Amino acid sequence: MASAEVAVAATKEAKRKAPHAKVAPRVGAITLAAFALPGVMVSATHADSAPEDGVISAKLQGYKDSQPNLDRIKVLSPSLHVLAPIAGAWSVEASLVQDNISGATPRWHTSVTGASRMEDRRVAADVKLTRYFDRAAIGVRYAFSDEHDYRSNAVAVDGRYSSADNNTTWVAGIGASRDNINPVNQIVENERKNVVEGMLGVVQALSKNDLAQFNLTYVRGRGYFNDPYKLVDSRPRTKNQTIGLIRWNHFIESNSTTLRSSYRFYSDSFGVQAHTVALEWVIPLNERFIVTPTTRYYTQRQARFYFNPVYDPEIGEPYPAGYSTHPPTYYSADARLASYGAATLGSKFEWRIDKLWSVDFKYELYQQRSSWRLGGGGSPGLQPFRAQFAQIGFSRRF
Amino acid sequence: MACPCEIRIAGVPISDAQRLAELAISEVRRIESKYSRYRSDSVISQINAAAGKPDAAIALDSETAQLIDFAANLFKSSGGLFDCTSGVLRRAWDFKPHTPQLPDHATLASLLPLVGWQHVDWDGERIALTREGMELDFGGFGKEYAVDRATALLEAAGVKHGLVNLGGDVRVLGPRLNGTPWHIGIRDPRAPEHDGDRCFASIAISQGAIATSGDYERFIEVNGQRYCHILNPHTGWPVSHWRSVSVLGPLCVLAGSLSTIAMLKADQAVTFLESEGVSYLLSDANGRLIRRTLDAARDPTGNADRSVRKKKKKR
């Protein structure tokens, strides 16, 4: 275009003449007002586009827990995860986990001594197929898990739909699982547990820097919920759970970090009620390193049929008091059903080596104590419980 | 829309491109039918029809409310020069070139009291034009808003290469498929009629938007003097300081409103555009060009203010 040269020549002159040519640019009031208009920018929260790249990642997770003077379970689980885009609008995800578990089974009440040993191996796999549309995505997932005494099959369908301005995304999901339980002690044979669940949620961009999420999940379970390896354990064959989750992610513009906070409410028909608050701070140190310190607090109210270590005077331990005269229908000494509080401290460190490769390290320290329950009232006679979790992962885009 | 409109999409399968283009066009149509003052069922026509009546207040939906807020901001930030009630002055001016005629002063004087954002009752939810005969219109930012909405929809649908052009108000979606920027020609304000598309400059952009206001879109010539359609709301008379103003910015709605305000600002235009931190190309009454390129205009996604901050640190 011949006239372009004219423009360039004129520019040189203008540079000399423009009165404010050296003034650093500012952002004006109109610029800010324009950005406030709805739907003129693609929201950073947009979550529904099909992945462009595939990712394959391998992770090795180590878990170890302990109680005073007793090293308990060690779990080492390698896992493989693949995400592959297919033909633009589709993606398939698959993962495979193998856990090798060894160690002493949990020692619950302090007064029970002598831990039995256990060895186990679990293989789990799941496949998820997702179809992406303009403003929506639908996913179908199948999961399978197998231990020698426990087999589980689950299917789930979830969908999401975003508003035209992408500031709101509605999410819904349903799922069902069928478990077969065949404990080695043959206390029961071919027992089943069937669970169906439904979830509704909404993700809302509150501002350019704030994203909120609310999810409500209802789970209806029927079947065998007992721990077959506990002599004294009898639980209802119905377990319904209600879970509410609120998340708030806030991007702090001044230092380009993100604060992720969440609150989770859990309640079930066993009488267990729990609250979890969690805080994560995603700090990009530079373009390659991201460190994310994490903290979490959990507090739980015990199940109605959980019993404290007060045993029957006639037949003694491990039977609950009154067992010989008026045996209760339901009873359990499983510490997971007790009243307690727990705290987790951890950190994740991610290193993006180049455009294709990244490595992450994660370490978490978990501690559970009955005295840490919010407002007191933790179950008496419960040993403190500690667990450590470490993970190293490699991923590569393709 | 009464202007040439163009949507270009590259880098997607042809079947998707058709569907995506239709998606963008339907969004443009939606905005046009909602805000056109030529359609009796539009929100704007409803507001105008109620002007001056005792029950003039009309409750607005959130999208309209945000556009009205934006218009209020333009009025304030332009020192009252950008006034979305000034369209009523068109009753005095006839820009049909075969019968060039200046308005008589009495007509103009009778219309000026109907111009003024200060005569609009706007509480954030309900709007009322307090004087009978007042008119509201979204000229200067309505079409540009449609450009932005259509572009954002395409971007959200995954389009990485394309552009939306509604009558010269353009926003691009990333570079061309081969990675090079789009070259947007700036029409020569004095191009002869037989060569109306002649350009006097070309601007390369890979991100953001460009919009141009000029004295050549609609005008009349009386006694050798040009009178264009951009009218000063205080006097009712056309502006004459600039032949054309092109503004590059992250959003089309921004570029469009700033280019119109710059035309109205006359000799204050450069200072004004500098204060908004955008790039521009001005052609003055003698055809001389003033041009300035800033990083901010090339950085629509993140934040114009972030690039500005970086720039400040370097200094």
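In what follows, every heavy atom counts, from backbone to side chain, and hydrogens, waters and symmetry copies are set aside. Please read all numbers here as calculations on a predicted model, not as lab measurements. Naming convention: chains lettered A, B, ... in sequence-line order (proteins, then strands); numbering from 1 in each chain.
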Are more than 12 heavy atoms from other residues, nucleotides or ligands located less than 6.0 Å from atom CH2 of A:W170?
-> yes
Nearest-0.5 Å distance, OG1 of residue A:T31 to CG of residue B:L258 = 6.0 Å
Looking only at heavy atoms, what is the nearest atom pair of B:Q66 and A:P38, with distance?
-> OE1-CD, 3.5 Å
Take atom CZ in B:R19; do more than 12 heavy atoms of anything else shown fall under 6.0 Å from it?
-> yes
OG (B:S275) and CD1 (A:I30) are apart, to the nearest 0.5 Å, by 7.5 Å
Check the surroundings of atom CZ in A:R396: do more than 12 heavy atoms from other residues, nucleotides or ligands lie under 6.0 Å from it?
-> yes
For A:H250, which residues count as a ring-ring contact (aromatic ring centres under 6.0 Å, His included) partner, sequence neighbours excluded?
-> A:W248
Is it the backbone or the side chain of B:I261 that comes under 4.5 Å from a heavy atom of chain A, or both, or neither?
-> side chain
Drop me the distance from B:L67's CG to A:L37's CG, to the nearest 0.5 angstrom.
-> 5.5 Å
Closest approach of A:A34 to B:L254 (non-hydrogen atoms, all atoms of both residues) | CB-CB, 3.9 Å
Audit row: A:F35, B:V253, side chain to side chain contact (heavy atoms under 4.5 Å, CB included) steps and yes/no | CA-CA 9 Å; A:F35 273 105; B:V253 70; over 6 Å; no
Using non-hydrogen atoms only, which part of B:F141 is less than 4.5 Å away from chain A: side chain, backbone, both, or neither?
-> neither
Heavy atoms from other residues, nucleotides or ligands near CZ of B:R190 exceed 12 (cutoff 6.0 Å) = yes
Provide the closest heavy-atom pair for B:N73 versus A:A29 in the form atom of the first, atom of the second, distance.
-> OD1-O, 4.1 Å
What pairs with B:Y35 under ring-ring contact (aromatic ring centres under 6.0 Å, His included), at least two apart in sequence or on another chain?
-> B:F138
Which portion of B:I186 sits near chain A, non-hydrogen atoms under 4.5 angstrom | neither
